[in-house]
Amino acid sequence: MKFLILLYKEIVQFFRNKGLLLFALYAFSLDIYLAATGIDLTLKNASFFVQDRDFSYLSKELVSRFPPNYFNFKGYVLNDSDIEKLLLEDKAVGIIRIPRDFEKKLKRGDKTFVGVIVNGAELSSSFLFSAYASSIIYRFLTGGFFSPPVEAEERIFFNQDASSKEFMAFSELLTVITLFLLLLPAAAVVMEKERGNIEMVVVSPLKVRLFMMAKALSMGGLVVLFTTLALVGTIEWGLEIPVKGGVIDFLILTLIYAFAATGLSMFIAAVSENMLQVSQLTILVLIPILYLSGSWTPIETMPKVLQWLSHFSPLKYYIDGALAIAIKEVSIGKLTNHMIILTFQGLLLFAAGNYFLTKRI
């Protein structure tokens with residue numbers, strides 16, 4: 001009964017803290033919406049020019065193959081100095097260079113080249129422009145007017161529109177969940193330190209460990225509640241993105257992950273004396289976890305040492321499992337390995353964090 005009263009007290013105290021409440025409401029709604037709609041990793045309306053030294057039917061046909069929804073054809077350039085000027089003034093993401101005798105060489109079966117010059121100052125858009133343009137040119141040179149030696153057929157699984165909206169929405173949600181699981185339990189404990197209530201708890205019949213458990217579990221429960229609202233309200237209703245594997249499966253995995261993240265939060269609370277230190281240490285812990293999770297960069301591209309360390313990041317297994325549920329329509333029953341590892345890490349971190357925190361008080 002005492003434990004339930006403590007849980008109730010922590011939840012009421014959180015909702016009375018207008019600053020944290022508004023921050024949580026923003027993070028689980030508007031922040032996710034802006035990340036999904038404001039950040040687009042696909043190529044759209046990329047300005048480009050063409051230096052066509054052949055001006056043949058086939059060279060013009062090649063230019064027409066660049067679809068207007070991805071590319072914005074601005075016109076032709078005559079010489080190299082114009083190309084340099086356009087790139088220096090950021091008037092073009094890329095330039096397509098078609099050589100002389102382009103059509104004749106193609107009809108004779110001779111080797112010919114089409115140049116793609118990109119503006120490296122705009123790294124993401126130039127990389128996408130180069131990839132899209134190379135694919136279009138390859139398709140043109142190996143199909144259509146000529147008999148291709150190989151015919152490639154592309155199939156996209158899980159995200160047929162190749163839209164970044166789904167990934168960005170769920171990726172931002174997972175980041176926000178991790179942030180609040182690290183922040184809220186630590187903040188709840190440190191606010192008691194600032195008010196001088198910890199000393200009263202120590203001399204009271206109430207066990208310190210039970211008091212800390214109530215804070216950790218109540219804050220973790222609130223994060224799961226806000227996650228539910230974000231999934232149903234922001235993502236499914238606001239962004240019209242379905243959670244393909246089911247909201248319940250997503251929440252079950254989140255509950256297991258909450259133990260691991262809350263355990264880390266207890267370590268933050270143990271060494272922090274005020275809310276400023278909590279916020280600083282939360283960012284200090286959050287950034288390495290995000291780096292090692294594979295959400296910002298593929299783990300395969302990291303140095304070997306970081307690849308090895310990534311196996312100790314609970315967020316790695318949570319992201320893999322959560323995205324599989326949300327986007328790939330995988331059920332929780334097929335994520336046994338992720339659940340076992342997360343449960344083991346969660347119980348270990350939660351127990352260690354709780355022990356360390358009670359010893360520090």
query = Which is it for Lys91 and Lys74 under the side chain to side chain contact (heavy atoms under 4.5 Å, CB included) test, yes or no, and what are the steps along the way?
reply = CA-CA 9 Å; Lys91 292 183 177 180; Lys74 307 295 287 188; over 6 Å; no
remark   = Between Glu166 and the options Ile235, Ile241, Leu323, the side chain to side chain contact (heavy atoms under 4.5 Å, CB included) test singles out Ile241
note = Between Asp80 and Arg97 the two heavy atoms that sit nearest each other are OD1-NH2, 3.1 Å
message = I need the single residue from Thr228, Leu231, Ile332 that forms a side chain to side chain contact (heavy atoms under 4.5 Å, CB included) with Phe250. Which is it?
response = Leu231
ask   = Sub-3.5 Å donor-acceptor pair from the side chain of Glu236 to the main-chain atoms of Val243, do we have one?
value = yes
message = Tell me if the centroids of the rings in Tyr257 and Tyr317 come within less than 6.0 Å of each other.
response = no
query = Do Phe15 and Leu181 belong to the same hydrophobic cluster, where Ile, Leu, Val, Met, Phe, Trp and Tyr are linked whenever their side-chain heavy atoms lie under 4.5 Å apart, directly or via other members?
reply = yes
ask   = Do Tyr76 and Phe55 have their ring centres less than 6.0 Å from each other?
value = yes
key: Joint hydrophobic cluster, Leu264 plus Val271, side-chain heavy atoms closer than 4.5 Å   = yes
inquiry  = Quick check for you: to the nearest 0.5 Å, what is the distance between Ile283 atom CD1 and Leu179 atom CG?
reply    = 6.0 Å
ask   = How long is the span from the CG atom in Leu58 to the CG atom in Leu106, to the nearest 0.5 Å?
value = 6.0 Å
inquiry  = If you take the centroid of each ring, where Trp contributes its six-membered ring, are Tyr70 and Tyr132 closer together than 6.0 Å?
reply    = yes
request  = Of all the heavy-atom pairs spanning Val278 and Thr282, show the shortest one and how long it is.
outcome  = O-OG1, 2.6 Å
task = Give a yes or no on whether Val63 and Tyr57 share a hydrophobic cluster (residues Ile, Leu, Val, Met, Phe, Trp, Tyr; joining criterion: side-chain heavy atoms under 4.5 Å apart).
result = yes
query = Taking all non-hydrogen atoms of both residues, which atom of Ser59 and which atom of Ile98 are closest, and how far apart?
reply = O-CD1, 3.7 Å
query = Is it true that the side chains of Thr254 and Tyr318 contain a donor and an acceptor less than 3.5 Å apart?
reply = yes
message = With rounding to the nearest 0.5 angstrom, report the OG to CD1 distance, Ser331 to Ile252.
response = 10.5 Å
Pair Asp54 + Lys107: basic N to acidic O under 4.0 Å = no
message = Looking at every non-hydrogen atom in both residues, tell me the closest pair between Ala322 and Leu174 and how far apart they are.
response = CB-CD2, 3.8 Å
Atom pair CG (Leu335) and CD1 (Ile341), whose distance is rounded to the nearest 0.5 Å = 11.0 Å
ask   = Looking at Ala36 and Leu239, what are the two nearest heavy atoms and their distance?
value = CB-CD1, 3.6 Å
inquiry  = Would you say that Thr262 contacts Met219 through its side chain, given a criterion of any heavy-atom pair below 4.5 Å between the two side chains?
reply    = no
inquiry  = I'd like to know whether CZ of Arg108 has more than 12 heavy-atom contacts from other residues, nucleotides or ligands below 6.0 angstrom.
reply    = yes
request  = Mind running side chain to side chain contact (heavy atoms under 4.5 Å, CB included) on Leu281 and Phe267 for me, showing each step along the way?
outcome  = CA-CA 10 Å; Leu281 289 174; Phe267 283 103; over 6 Å; no
ask   = For Tyr8, does the OH atom have more than 12 heavy-atom neighbours from other residues, nucleotides or ligands under 6.0 Å away?
value = no
request  = Look at the rings of Phe129 and Phe48 and say which category their plane angle falls in: under 30° parallel, 30 to 60° tilted, over 60° perpendicular.
outcome  = tilted
query = Between the main-chain N or O of Ala186 and the side-chain N or O of Ser265, is there a donor-acceptor pair closer than 3.5 Å?
reply = yes
request  = Using atom types as modelled and distance alone, determine if a side-chain donor or acceptor of Ser272 lies under 3.5 Å from a backbone N or O of Val190.
outcome  = no
key: Tyr33, OH atom: more than 12 neighbouring heavy atoms under 6.0 Å   = no
ask   = Rounded to the nearest 0.5 Å, how far does CG of Leu229 lie from OG of Ser29?
value = 9.5 Å
query = Got a sec: does the CD of Glu89 have more than 12 other heavy atoms crowding it under 6.0 Å?
reply = yes
inquiry  = If you count heavy atoms of other groups shown closer than 6.0 angstrom to CZ of Phe259, is the number above 12?
reply    = no
message = Running the 4.5 Å side-chain criterion over Ile, Leu, Val, Met, Phe, Trp and Tyr, what cluster does Phe49 land in, apart from itself?
response = Val77, Ile83, Leu86, Leu87, Ile95, Ile117
inquiry  = Determine whether Trp237 and Val232 satisfy the following criterion, side chain to side chain contact (heavy atoms under 4.5 Å, CB included), listing intermediate values before the conclusion.
reply    = CA-CA 6 Å; Trp237 181 76; Val232 177; 5.9 Å; no
key: Transitive ILVMFWY side-chain link Leu183 to Leu284, under 4.5 Å   = yes
request  = Flag the pair Phe180 / Phe226 as yes when their ring centroid distance falls below 6.0 Å, and as no otherwise.
outcome  = no
note = Rounded to the nearest 0.5 Å, the OH atom of Tyr26 sits from the CD1 atom of Ile32 at a distance of 10.0 Å
ask   = So, are Lys244 and Asp249 salt-bridged, with charged N and O less than 4.0 Å apart?
value = no
request  = Evaluate the side chain to side chain contact (heavy atoms under 4.5 Å, CB included) criterion for residues Asp320 and His338: first the C-alpha distance (whole Å), next the side-chain angles of each, then the deciding distance (0.1 Å), finally the verdict.
outcome  = CA-CA 8 Å; Asp320 290 345; His338 293 76; 3.5 Å; yes
ask   = Any idea which heavy atoms bring Pro314 and Leu349 closest together, and the distance?
value = CG-CD1, 4.4 Å
inquiry  = Surrounding CZ of Phe14 (heavy atoms of other residues, nucleotides or ligands, distance under 6.0 Å), is the total greater than 12?
reply    = yes
task = Decide if atom CD of Glu84 counts as having more than 12 heavy atoms of other residues, nucleotides or ligands within a radius under 6.0 Å.
result = no
ask   = Hey, any chance Phe344 and Leu253 share a hydrophobic cluster, counting ILVMFWY side chains that come within less than 4.5 Å of each other, even indirectly?
value = no
query = Is Gln51 close to Ile96 at the side-chain level, that is, under 4.5 Å between some pair of heavy atoms?
reply = no
query = Taking side chain as C-beta onward, heavy atoms only, is Arg139 less than 4.5 Å from Ile136?
reply = no
task = Report yes or no: does Ser293 contribute a side-chain atom to a donor-acceptor pair with the main-chain N or O of Leu290 at less than 3.5 Å?
result = yes
